[in-house]
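Here's the structure we're looking at; comments come further down.
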Protein chains: 2
Amino acid sequence: MGRFLSTFQGRLDSKGRVSLPAAFRVVLEEDGFAGVFLHPALEQPAIEAGGNRLLATIDGLIGRFSPYSEARDLLATALYGQAETLRPDPEGRIVLPERFKAHAGIGSELVFVGLGEKFRIWSPQKFTAHLEEATLSLRDVRASLSAPDGEGKFPPVARGT
Amino acid sequence: MGRFLSTFQGRLDSKGRVSLPAAFRVVLEEDGFAGVFLHPALEQPAIEAGGNRLLATIDGLIGRFSPYSEARDLLATALYGQAETLRPDPEGRIVLPERFKAHAGIGSELVFVGLGEKFRIWSPQKFTAHLEEATLSLRDVRASLSAPDGEGKFPPVARGT
DNA sequence: TTGACGCCCAAGATTTCCCATGTTAGCCCA
DNA sequence: TGGGCTAACATGGGAAATCTTGGGCGTCAA
């Protein structure tokens, strides 16, 4: 299954529309999702977006808690309540809700960054800064890859698909 | 099947009507429910609402307790006894019973918050506070996902599809 | 008669759709 | 290998369809 790869620049037109990168639209269609699912990133001033795969991840997270449990309600509020599904117009453009633009500090320009099963939308400046920081942290991760298990800042974790 | 997603603002007009967000009406129709089912939230000053799926969840919850058990009576009283089914007018508006508005502290403005299989109706102020709490616990969950087993507010969960 | 409620109609404001125009990238052929 | 040609994309706007809101009426019931 295709992945979201590479980064693309975009600009909001006078009506607030941006076209999703064609490469990303292809992945979304493969994924069989009619539209894009978006939610604010937890720890970053960015928007996360994706299709069914992303949605399934979230469903999985919420679905572990039983209905009417406190944990479930809180998670659903933070994830579903802040999320949005947008349908691109026939040309593949979407309009970002004001709330998202505010969270990500997006003005008239933005950047789409592929992360494999999902992608992020950033303001160019914020992304540049984030990238720099990420590059630094990456060294630590890399170091932990070659260190014996259990050492390093990033403990290795088992992962499923 | 569609989910209730995102949050919407609403306002009561001079007759006490609010329009249900169009996106939510679509989900309710898909769900095949003629109207909206509402009941006061158990732990929060908010109203919970939904369609057949919500009803099924409630049935399941109550069904777990044996007939004539105290727990069952309590739940049934709280969930069914306080509930109400409203039918939107041709424009998709409903009138909230006074009792609900009182429970949720709703004045003339309110917020609809999608939670997947159901949605909640809050007073804007109360919701803002609740959202903050929800966001914090989401961070905890995220932390517990990457933390060593057994730590964090939320129990560790297995990963993988 | 008065008030609550349901239905109908009428704007206004958005959002969605449709079409037209630059641009870019890839391709074919001389 | 250079020069078009064509197909896909990204854009810009205008037109049409939706949604949200605010009232007007008529009905039913207290």
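Order of the sequence lines fixes the chain letters, A, B, ..., with proteins taken first and strands second; residue numbering starts at 1 for each chain.
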Name every residue in residues 6-19 of chain B that has at least one heavy atom under 4.0 Å from any atom of DNA chain D, in order of residue number, or write none if there are no such residues.
B:Asp13, B:Lys15, B:Arg17, B:Ser19
B:Arg25 atom CZ, neighbour heavy-atom count above 12 within 6.0 Å
yes
Quick check on contacts: within residues 22-31 of chain A, what sits under 4.0 Å from DNA chain D by heavy-atom distance?
A:Ala22, A:Arg25
With a strict under 4.0 Å distance from non-hydrogen atoms of chain B, what nucleotide opens and what nucleotide closes the contacted stretch of DNA chain D, reading 5' to 3'?
D:dC19 to D:dC25
Check: B:Glu109/B:Ser123 side-chain N/O donor and acceptor closer than 3.5 Å:
no
By a strict heavy-atom criterion of less than 4.0 Å, which residues belonging to residues 81-103 of chain B are in contact with DNA chain D?
B:Glu91, B:Arg93
Are the side chain of B:Ser69 and the backbone of B:Arg72 linked by a donor-acceptor contact shorter than 3.5 Å?
yes
Please determine whether ring-ring contact (aromatic ring centres under 6.0 Å, His included) holds for the pair B:Phe119 and B:Phe24, giving the CA-CA distance in whole Å, both sets of side-chain angles, and the decisive distance to 0.1 Å.
CA-CA 8 Å; B:Phe119 61 94; B:Phe24 287 4; 4.7 Å; yes
Extract, from 5' to 3' on DNA chain C, the first and final nucleotides lying under 4.0 angstrom from some heavy atom of chain B.
C:dG6 to C:dC9
By side-chain contact (heavy atoms from CB on, under 4.5 Å), B:Val27 pairs with (sequence neighbours left out) B:Phe4, B:Arg53
For A:Glu43, is the CD atom crowded, meaning more than 12 foreign heavy atoms sit under 6.0 Å from it?
yes
Between A:Lys15 and A:Asp89 (salt bridge meaning N to carboxylate O under 4.0 Å), is one present in this structure?
no
With sequence neighbours left out, write down each residue that passes side-chain contact (heavy atoms from CB on, under 4.5 Å) with B:Glu132, or none if nothing qualifies.
none
side-chain contact (heavy atoms from CB on, under 4.5 Å) partners for B:Arg64, two or more places apart:
B:Leu61
List the residues meeting side-chain contact (heavy atoms from CB on, under 4.5 Å) with B:Asp59, not counting sequence neighbours, and say none if there are none.
B:Tyr80
Report yes if the side chains of A:Lys101 and A:Ile47 come closer than 4.5 Å at any heavy-atom pair, otherwise no.
no
Does A:Thr77 reach the side chain of B:Leu131, with side-chain heavy atoms less than 4.5 Å apart?
yes
Where do A:Gln82 and A:Phe100 come nearest, in terms of heavy atoms and distance?
O-CE2, 3.3 Å
Heavy-atom check, side chain of A:Val111 versus side chain of A:Ile121, under 4.5 Å:
no
Can you name the side-chain hydrogen bond (donor to acceptor under 3.5 Å, both in side chains) partners of A:Glu84, sequence neighbours left out?
A:Arg99, B:Ser6
Side chain to side chain, A:Arg93 and A:Pro88, heavy atoms closer than 4.5 Å
no
With axes from five pairs an end, tell me the bend angle of the helix from C:dT1-D:dA30 to C:dA30-D:dT1, nearest 10°.
30°
Applying ring-ring contact (aromatic ring centres under 6.0 Å, His included), which residue pairs with at least one partner in residues 43-79 of chain B are found, sequence neighbours left out?
none
